[in-house]
Amino acid sequence: MRSHLPTVATSSPTNLGIAMNSMPPATNGKFRYRFAPSPTGFFHVGGARTALYNWALALKQDATFVLRIEDTDEARNKPEWTAGIIDALAWIGIGTGDPHFEGPYFQSQNSEEHVAAAHRLYEAGHAYYCDLTSEQIQERAKVNGKPGYDGFSRDRGLGPGPGHVLRFRVPEGVTVVDDLVRGRVEFDNGTIEDFVLLRGNGTPMFLLANVVDDILMSITHVVRAEEHLPNTPKQQLIWSALGYAPPVWAHVPVLVNEQRKKLSKRRDKVALEQYRDEGVIAPAMINYLMTLGWAPAGDAEIVPWEKIVNEFRLEDVNHSPAFFDEKKLASFNGDYLRMLTTEQFVTACSPWVTNDSVPWSRGDFDARIFSAIAPLVQTRVGYLSEVPSMVDFLFLDQPLIDADALAKAMKPEWASQLLRDVVGVFAACDWQHDVLKTELEKIGESHGVKLGKAQAPVRVAVTGRSVGPPLFESLELLGRDKTLARLKAILD
RNA sequence: GGCCCCAUCGUCUAGUGGCCUAGGACACCACCCUCUCAAGGUGGCGGCACGGGUUCGAAUCCCGUUGGGGCUGCCA
């Protein structure tokens, strides 16, 4: 794997603990979007869509796309996972030296800023310490008859100490979130509990770290999945308490499985890498992901990236969850595969026909023969991973015979004799696909069967399967010797 | 349970009060093409969740019902 050791660029322009201005750092008037994944070992297709939405907007508005890795949870900071994210983003066209791309930054490197901001919040009275354990909170919740933290330590005047968490003092009132895709959403602050800013060990929590980083990085637009909507009033409260106007929010619908549940790594196939490894090509994935929850103008949905960038607007994003449909993805991929020139298609196939899991021995692969058959397989695959099984008979010493297909093809009483006739004729005729076709046609006629039926036993005997690329072109490429040997092998 | 979001063919969507007899795409079915299978072409099946309003007129606006979903951690 390529090494993408994150280049760190984390010198914060502002120290929130000391200088707290009411204006964020200068942005030269440009919008700043951000994508802030937490490393989990693979790249989620939902994350890919969110990243793509942010990226399209950054390109359209000549804005900046900031990548920030949210690695503050110790369990989530394996360096190779970060490399995986960067690789995956590059695959879908994000990054790779484009001037609109900035980062990656690492949240863990800003922890001092997060803590400083927390302390400022405490000093300003926006936060207070609490020494209750999770168990005690649960106890109280049981007694209270309602779940969650009840604000027990609000006025106890506790200071910092071992095991003391810092909680945000949620004010009375209503918090209004203006969301570009959802409109105005109101939250009664009475339903928001005093959430934790700093853990008992003094480390910052996501809600805080996320906001402080966004301020530090002058983020103007937060475009993320809908699951974050309930966090938004809390974060907006932190923005205000810190003295800043909140960013523009946009919460896009989640991606769901067939059961209409949020795509999860436990039950669903969600890794972008997995689709890539099965032979989905990037333009197809990008186009499919962009049209999940949004549609370009006009009747076509297979459209160039330029058109997408040109037309994409958050205001037009759908409000309801979208089912990630593998069948439709495969269809998009097939369309994109067919748009490739033969040369491009051959190049795209290369990893699948030269890797270790290929059924033939590596030395027997012939790139020239593959190039010759390629245009015929191009219209027959949805995923590139289907390619090897479609051409394996050309590079295998003996074809992998599908027993059922063979039994069926040899069932007609004329089948064996037809094969014998074929061996006789093919031993001497010109070895060109059109000649082979004509000859088989004639032999078929002599047995009273049309070419469609006559080709079946030949196809199975030579390629091992009942379906595949056009037979006579295949035979021409395979050569006379191997063809005859395989036919005879079946007759014996 | 509480808070919040959502609701057009099976699925992804177009539709922003009259162009809607609701358009496209995937899937499915049929036919054409054809050496198998595809690809391609043609056609078909199939939807505004329900009930009230508002309006001359509602898929589009309002209310309610029902049904989905998200969140509810000293994870992010």
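Just so it is clear: chains get the letters A, B, ... in the order the sequence lines come, proteins before strands, and each one is counted from 1.
Taking atom P on both B/C28 and B/G68, the two are 28 Å apart, rounded to the nearest angstrom. Only the P atoms considered, B/G43 is 39 Å distant from B/G52, to the nearest whole Å. Separation of the C1' atoms belonging to B/G47 and B/A7 is 13 Å when rounded to the nearest angstrom. As rounded to the nearest Å, B/C37 and B/C32 have P atoms that lie 13 Å from one another. When the P atom is used for both B/A22 and B/A27, the distance is 24 Å, rounded to whole Å. Comparing the same atom, P, in B/C50 and in B/G67 gives a spacing of 15 Å after rounding to whole Å. A distance of about 34 Å separates the P atoms of B/C63 and B/G46, rounded to the whole Å. For the P atom pair drawn from B/U65 and B/C71, the interatomic distance equals 24 Å after rounding to whole Å.
In this structure, A/R338 reaches the B/G40 phosphate: one of its side-chain N or O atoms is under 4.0 Å from OP1 or OP2. For A/R199, a side-chain nitrogen or oxygen approaches OP1 or OP2 of B/A76 to under 4.0 Å. For B/C35, the OP1/OP2 oxygens have a side-chain nitrogen or oxygen of A/K437 closer than 4.0 Å.
By the 30° and 60° cut-offs, the orientation of the rings of A/F426 relative to A/W431 is perpendicular. A perpendicular orientation is assigned to the rings of A/W294 and A/F312, their planes being inclined by more than 60° (bins at 30° and 60°).
Backbone-only engagement by A/R182 is indicated by non-hydrogen atom pairs under 4.0 Å involving sugar-phosphate atoms exclusively. Within 4.0 Å (heavy atoms only), A/F472 reaches at least one base atom of the nucleic acid. Residue A/P469 is classed as a base contact, given a heavy-atom separation below 4.0 Å to a base. Across all strands shown, A/E186 has heavy atoms under 4.0 Å from sugar-phosphate atoms exclusively, and none from any base. Within the nucleic acid shown, A/E301 comes within 4.0 Å of at least one base atom, counting heavy atoms only.
Taking the six-membered ring where the residue is Trp, the centroids of A/Y288 and A/F332 are separated by under 6.0 Å.
Considering A/T463, A/V462, A/I401, A/V458 in turn, A/V462 is the only one that fulfils the side chain to side chain contact (heavy atoms under 4.5 Å, CB included) rule with A/R486.
When rounded to the nearest whole Å, the span between CG of A/N318 and P of B/U11 equals 13 Å.
A side chain to side chain donor-acceptor pair (under 3.5 Å) check over residues 159-178 of chain A, counting only residues at least two apart or in different chains, returns the pairs A/T175-A/N189.
Mapping A/K327 and A/F206 onto RNA chain B by nearest heavy atom places A/K327 at the nucleotide closer to the 5' end. Judged by closest nucleotide on RNA chain B, A/S331 is the one of A/S331 and A/H164 placed further toward the 5' end.
You'll find a donor-acceptor pair under 3.5 Å spanning the side chain of A/T379 and the base of B/A38, going by distance alone.
Nearest nucleotide to the side chain of A/D299, out of B/C74, B/G23, B/A14: B/G23. Of the candidate nucleotides B/C6, B/G70, B/U11, B/G70 has the atom lying nearest to any side-chain atom of A/K262.
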